[in-house]
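Chain letters run A, B, ... following the sequence lines, proteins first and then strands; every chain starts at 1.
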There are 2 protein chains.
Amino acid sequence: MDRFVSTFTNKIDAKGRVSVPASFRAVLERDGFASGDVRGIYCYPSLDAPALDAGGERLAKKIDGLLSGLPDYSDERDELSVALYGDVQVLSIDGDGRIVLPEGLRTHAGVSGSVTFVGLGDKFQIWEPARFEERRKLARDKVHQHRRLFGAGRPPPSGESESG
Amino acid sequence: MDRFVSTFTNKIDAKGRVSVPASFRAVLERDGFASGDVRGIYCYPSLDAPALDAGGERLAKKIDGLLSGLPDYSDERDELSVALYGDVQVLSIDGDGRIVLPEGLRTHAGVSGSVTFVGLGDKFQIWEPARFEERRKLARDKVHQHRRLFGAGRPPPSGESESG
DNA sequence: TAAGGATCCATTGACGCCCATAAAATTCCA
DNA sequence: TGGAATTTTATGGGCGTCAATGGATCCTTA
């Protein structure tokens, strides 16, 4: 497995710790998220959602790439740099695969009792469970609108809508 | 055999396991659904039916392809990612060719005692048996009506029409 | 020394893996 | 071609391992 897939909801314990889903940890390890023996993930507030973005080296490189596409000293670059790098936290993963979400991040995502990890391929997000459900519904509607992309090139499958 | 065909109904046992039809497993193996020694299928709620869509690598690639066409960090991409990756579950297949359907998927499809596997070529669906029967009837009726319109196969019966 | 982290340990419940059995399909041979 | 032998499938159950979670101990630092 080499991408973050599926959603998992885990509890936050009394000390603020929460387990990163085992399958995500596996992806992170392949991704080389650990430099030396420091195991950590990059985590920052999502720009346009009440959630957190997180990932390993691949995510970091992507951000780098995004910024390097913009001219030095441009306002745009400065702003984006601040937005992207400014709030990044490196969260260490303990021996049992758990992280601690700092206050700032918890506030942004509005989480308390438990959190939902959402795989998005290159990265994953951390949501307050109920809030994520709403979001998921929205997303499904959107996909509906894009459905024709799925069937492109083929005659409309009698399968998908009224199969069998 | 390189596509999913036919329908099969299998039982869900006390532990929530259900056998994937042998012929489907054969297709999956050709499809290279297993990366390394991880054997698993991709499974997610069908967008417009109370059923589950499932498949192997070919299906996964299709999803990837869909997303890779969209610009990074666009709203559109994020939403699609959530709906596509977020809803996807990777179900591992045990040594006896069985999978376990997680709670969320079982709910969406409304299954409990047994399930019907429906081959759709590139992918297959998983249905609650009774529900699938209804669908199938509906589909047959529709096909009949089309036949009448097109006069396919036989010369149109000249007199009797019962459909009103 | 108190507070906060970090590491380690323990419990439990889920899941993966193995084997057993019965039914069905397929092969083999007369 | 018929029927017996063998192989494949579906299904049930036991058991060990691992992930998630809670708690204790040690370590650092203010």
Could you give the [atom1]-to-[atom2] distance, from [X] to [N], as a whole number of Å?
X        : N       : atom1 : atom2 : value
Ile99(A) : dT7(C)  : CD1   : C1'   : 17 Å
Phe8(B)  : dA25(C) : CZ    : C1'   : 13 Å
Ile12(B) : dG13(D) : CD1   : C1'   : 18 Å
Arg98(A) : dA6(C)  : CZ    : P     : 13 Å
Asp13(B) : dC18(C) : CG    : P     : 17 Å
Phe24(B) : dT9(D)  : CZ    : C1'   : 15 Å
Lys11(B) : dT21(C) : NZ    : C1'   : 14 Å
Asp94(A) : dT21(D) : CG    : P     : 13 Å

In terms of side-chain heavy atoms of [X], which of [options] is nearest?
X        : options                  : value
Ser19(B) : dT21(D), dT11(D), dT7(C) : dT11(D)
Arg17(B) : dC19(C), dC8(C), dG14(D) : dG14(D)
Ala22(A) : dC9(C), dA19(D), dG12(D) : dA19(D)

query = What is the nucleic acid contact for Val20(B), judged by heavy atoms within less than 4.0 Å: base, sugar-phosphate only, or nothing?
reply =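 If one applies the 4.0 Å heavy-atom cut-off, Val20(B) turns out to touch the sugar-phosphate alone, with no base involved.
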key: Spacing of Asp31(A) atom CG and Glu57(A) atom CD [to the nearest 0.5 Å]   = 6.5 Å
inquiry  = For Asn10(A) and Ser19(A), which I'm curious about, is there any donor-acceptor pair between the side chains at under 3.5 Å?
reply    = no
query = Would you say the side chains of Thr9(B) and Thr116(B) form a donor-acceptor pair under 3.5 Å?
reply =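 A donor-acceptor contact under 3.5 Å links the two side chains.
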message = Return whichever of Lys15(A) or Val100(B) has its heavy-atom-nearest nucleotide of DNA chain C closer to the 5' end.
response =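 By nearest-heavy-atom nucleotide position, the 5'-most residue is Lys15(A).
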task = Please confirm whether Phe117(A) and Phe8(A) have ring centers closer than 6.0 angstrom.
result = no
task = Look at the side chain of Asp96(A) and the base of dC9(C), then say whether one donor and one acceptor between them are separated by less than 3.5 Å.
result = yes
ask   = Can you tell me if the side-chain N/O atoms of Arg25(B) get under 4.0 Å from OP1 or OP2 in dA10(D)?
value =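 Yes, Arg25(B) has a side-chain N/O under 4.0 Å of OP1/OP2 on dA10(D).
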query = Are any of Ser92(A)'s side-chain N or O atoms less than 4.0 Å away from OP1 or OP2 of dA6(C)?
reply =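 No, no such contact exists.
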Short side-chain to backbone donor-acceptor contact, Arg98(A) and Val18(A), under 3.5 Å =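 Checking the backbone N and O of Val18(A) against the side chain of Arg98(A), no donor-acceptor pair under 3.5 Å is found.
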